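This report concerns only the one structure given below.
Heavy-atom basis, side chains included; hydrogens, waters and symmetry copies ignored. From a predicted model like this one, the values you see are computed outputs, not experimental measurements. Residue numbers start at 1 and run along the sequence shown.
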Amino acid sequence: MNAITIVVASICILLIVYRLYGTFMAAKVLKLDDSKPTPAQKLEDGQDYVPTNKWVVFGHHFAAIAAAGPLVGPILAAQFGYLPGLIWLLVGAVIGGAVHDMVVLFASMRRDGKSLSEVAKEELGPVAGFCTGLAMLFIITITMAGLSMVVLGALERNPWGTFAVGITIPIAMAVGLYHKKTGNLKLATTVGFIAIMLAIVLGPNIQGTWFGDLLTLEKSTLALILPIYAFFAAALPVWLLLAPRDYLSTFMKIGVFAALIVGVFIVNPEVQFPAFTEFINGGGPVVAGPVWPFISITIACGAISGFHAFVGSGTTPKMVSRWSDIKGVAFGAMLVECLVAIMALIAAISLQPGDYFAINSSPEKFATLGMETVHLDELSKEVGMDLEGRTGGAVTLAVGMTYIFTAVPFFAKLASYFYQFVILFEAVFILTAIDSGTRVARYLIQDFLGDFIKPLKRTDSLGANIFASALACFVWGYLLFSGDISSVWALFGVSNQLMASIGLIVGATVVLKIAEKRWYMLTCLIPLAYLFVTVMVAGYWMMKNVYFNAANPGFNVLNGILSIVMLVLGIVIMVASITKWVKLWKIPQSVLVEQSRKEVA
């Protein structure tokens with residue numbers, strides 16, 4: 001099979017879904033009304049609540065949700081073959097992810113931009129709200145560690161990449177300051193993007209210098225730097241670093257994948273992977289478990305992801321200036337992310353299976369697979385780095401994209417530059433999510449712990465903001481420093497999809513309360529039923545076969561305990577939700593809609 005077939009079919013499906021299903025969700029299910037003020041307009045404070053241009057909000061939201069998941073998940077899941085990942089991406093995004101993101105953003109804006117834990121408390125009651133808040137604290141901590149783990153593999157002993165990624169921070173701040181002062185977004189964007197491209201071009205010049213040696217960092221050093229960076233990023237106003245870098249990086253990300261789509265049409269690479277591999281029943285070197293439930297755990301962002309609920313009930317609802325923007329910002333961004341994930345999958349399955357498994361397995365593990373590399377030595381020379389055993393997915397994406405583009409004569413001479421550019425945009429994807437995620441963690445800590453420590457509840461308090469940010473960074477930084485990709489990613493996947501289940505539970509409750517027809521609730525209940533069962537099965541499998549299995553290399557009692565706590569919280573929330581739904585169902589729908597309107601009036 002050629003990659004063009006996959007790309008064309010996927011684009012057509014996603015465009016039709018946005019036009020039809022997205023409009024149905026906006027007009028019929030959620031009844032979006034631009035005559036009502038949004039939280040950004042009602043509560044504007046210049047810090048967190050800031051009415052923002054819809055394209056800037058889209059850029060921020062897309063950059064924040066499209067972190068490591070759509071890049072790494074499909075690449076790791078390629079070990080099962082190309083078909084399971086492709087089917088799950090399209091079905092998951094259409095039926096689950098786009099709906100999840102839209103209803104969570106709407107539910108948060110309906111409650112003045114409150115976090116999902118606060119929304120759950122008001123919609124479902126105190127028990128569900130408390131458990132949701134506690135689950136979110138666990139999950140955001142694990143999520144930040146899982147996302148950051150991917151950056152470590154990409155920037156380890158890579159001064160060129162470290163320089164290019166680091167320089168985006170002052171560039172973004174300069175763009176934010178200029179836009180704040182002049183309002184000239186086009187000029188700020190143009191200059192900022194050119195500056196980032198110059199950083200890529202100048203990168204090779206630092207290698208072999210004292211500055212290059214300074215930026216040649218080991219994983220342990222990077223694991224300390226990332227939480228420190230996130231602390232300062234989360235404390236700054238959104239317009240100074242978070243929004244401008246999101247906006248700049250979105251241009252870069254969409255541009256790269258648009259170029260990849262064009263490259264696929266020009267080169268039309270052959271899909272080298274079979275539809276299914278020998279590892280669909282488990283025992284793979286990348287993902288230990290069987291194709292189900294782990295295809296839906298390994299691929300989260302790109303299909304459906306609970307991390308989106310943090311962004312959709314954290315920074316984004318405080319920036320949207322019109323209710324109708326929800327469709328493009330939430331539903332649209334999710335479908336674009338799905339296409340990003342499909343292109344990442346294509347980059348992986350365009351490689352020879354032997355090359356793929358050599359990159360994504362330790363040398364010792366690869367030696368047991370009975371496979372031979374085909375182009376790996378040649379690719380290592382072209383990009384100027386040893387590629388064997390660079391696990392985590394990020395390097396595989398960069399190598400796969402480079403492999404496709406080097407078939408074009410012009411790019412063949414620029415392989416090392418293109419490789420580092422892909423590493424840059426991957427890292428910026430992830431750092432953007434770390435920025436937003438740490439800020440959301442700060443909101444959660446202040447919301448949740450503020451019930452016990454009253455001064456912490458004050459979001460206008462500098463001391464409270466600093467304490468909450470520092471606590472969030474310390475906790476996920478500890479997991480990052482002490483773990484590895486194999487121990488963190490599976491835990492991240494289970495916790496992430498549990499969060500998506502909670503988001504759908506809240507969304508289903510809101511739809512039941514506001515929709516004219518009760519069957520509209522099925523838009524949330526159908527994906528919820530599949531995802532909740534998947535999470536429970538995957539969590540049990542990991543505890544039984546990995547975390548509490550002393551003979552397994554992934555044996556980790558802490559991860560097992562965290563899994564138990566999260567799954568129990570998920571069950572409690574589900575039981576509380578069903579109890580609430582039964583009570584609401586007994587109320588006539590017209591009366592329920594009117595009551596719900598008065599709740600938020």
Side-chain angles (χ1 to χ4, degrees), residues 69 92 96-97 99-101 103-104 107 115-146 289 292-294 296-301 303-310 312-313 440-441 444 447-448 488-510 521 524-544 546-548 558-582:
V99 172
H100 168 273
D101 291 10
V103 296
V104 167
S115 71
L116 193 63
S117 61
E118 290 289 301
V119 175
K121 182 178 180 180
E122 296 185 10
E123 299 290 357
L124 297 170
V127 174
F130 176 84
C131 291
T132 299
L134 188 57
M136 290 176 74
L137 281 175
F138 275 105
I139 292 166
I140 194 64
T141 300
I142 297 167
T143 298
M144 292 300 98
W292 188 83
F294 285 94
S296 300
I297 297 300
T298 306
I299 299 178
C301 298
I304 180 171
S305 169
F307 178 73
H308 298 192
F310 290 102
S313 65
V440 171
L444 283 173
D447 274 344
F448 187 69
V488 173
W489 191 263
L491 183 64
F492 159 64
V494 171
S495 64
N496 191 30
Q497 299 303 54
L498 176 62
M499 190 68 248
S501 298
I502 295 172
L504 287 169
I505 286 172
V506 172
T509 307
V510 172
M521 190 182 179
C524 295
L525 290 183
I526 291 174
L528 171 61
Y530 170 80
L531 202 60
F532 192 78
V533 172
T534 298
V535 166
M536 293 297 153
V537 173
Y540 173 76
W541 193 97
M542 288 299 297
M543 286 186 289
K544 177 183 177 183
V546 180
Y547 299 145
F548 293 136
L558 176 60
N559 286 355
I561 292 173
L562 288 173
S563 298
I564 291 173
V565 171
M566 288 187 298
L567 296 184
V568 169
L569 289 172
I571 292 171
V572 171
I573 293 168
M574 178 61 80
V575 171
S577 301
I578 292 174
T579 303
K580 181 70 173 183
W581 295 339
V582 170

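Heavy-atom minimum distance, Ile502 versus Ala135: CD1-CB, 4.1 Å.
With sequence neighbours excluded, the residues satisfying side-chain hydrogen bond (donor to acceptor under 3.5 Å, both in side chains) with His308 are Asp101, Glu337. In terms of the side chain to side chain contact (heavy atoms under 4.5 Å, CB included) criterion, residue partners of Phe130 (sequence neighbours excluded) are, by chain and number, Leu134, Phe448, Phe452. Applying the ring pair (Phe, Tyr, Trp, His ring centres under 6.0 Å) rule to Phe548 yields no partners; only residues at least two apart in sequence or on another chain are considered. Listed by chain and number, the residues in a side-chain hydrogen bond (donor to acceptor under 3.5 Å, both in side chains) with Ser115 are Ser117, Asp447 (sequence neighbours excluded). Considering only residues two or more places apart in sequence or on other chains, Ala538 meets the side chain to side chain contact (heavy atoms under 4.5 Å, CB included) condition with Pro293, Phe294, Ile297, Val494. Scored by the side chain to side chain contact (heavy atoms under 4.5 Å, CB included) test, Ala500 finds His100, Ile304, Gln497, Leu531 as partners (sequence neighbours excluded). Shown here are the side-chain hydrogen bond (donor to acceptor under 3.5 Å, both in side chains) partners of Ser495, two or more places apart in sequence or in another chain: there are none.
At least one side-chain heavy atom of Ile505 sits less than 4.5 Å from a side-chain heavy atom of Leu528.
For the atom pair SG (Cys131) and CG (Leu569), the distance works out to 5.5 Å, reported to the nearest 0.5 Å. How far OG of Ser305 is from CZ of Phe492: 6.0 Å, rounded to the nearest 0.5 Å.
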Using distance only, find each side-chain donor-acceptor pair of residues 561-568 under 3.5 Å and give its atom names and separation, not counting sequence neighbours.
{"from": "Ser563", "atom 1": "OG", "to": "Asn559", "atom 2": "O", "distance (Å)": "2.9"}

Pairs of donor and acceptor atoms involving the side chains of residues 570-582, under 3.5 Å and at least two apart or interchain, shall be tabulated with distances.
{"from": "Ser577", "atom 1": "OG", "to": "Ile573", "atom 2": "O", "distance (Å)": "2.7"}
{"from": "Thr579", "atom 1": "OG1", "to": "Val575", "atom 2": "O", "distance (Å)": "2.9"}
{"from": "Trp581", "atom 1": "NE1", "to": "Thr509", "atom 2": "OG1", "distance (Å)": "2.8"}

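For residues 118-140, the pairs satisfying side chain to side chain donor-acceptor pair (under 3.5 Å) are Arg110-Glu123, Arg111-Glu122, Arg111-Glu123, Lys114-Glu122, Glu123-Lys513, with sequence neighbours left out.
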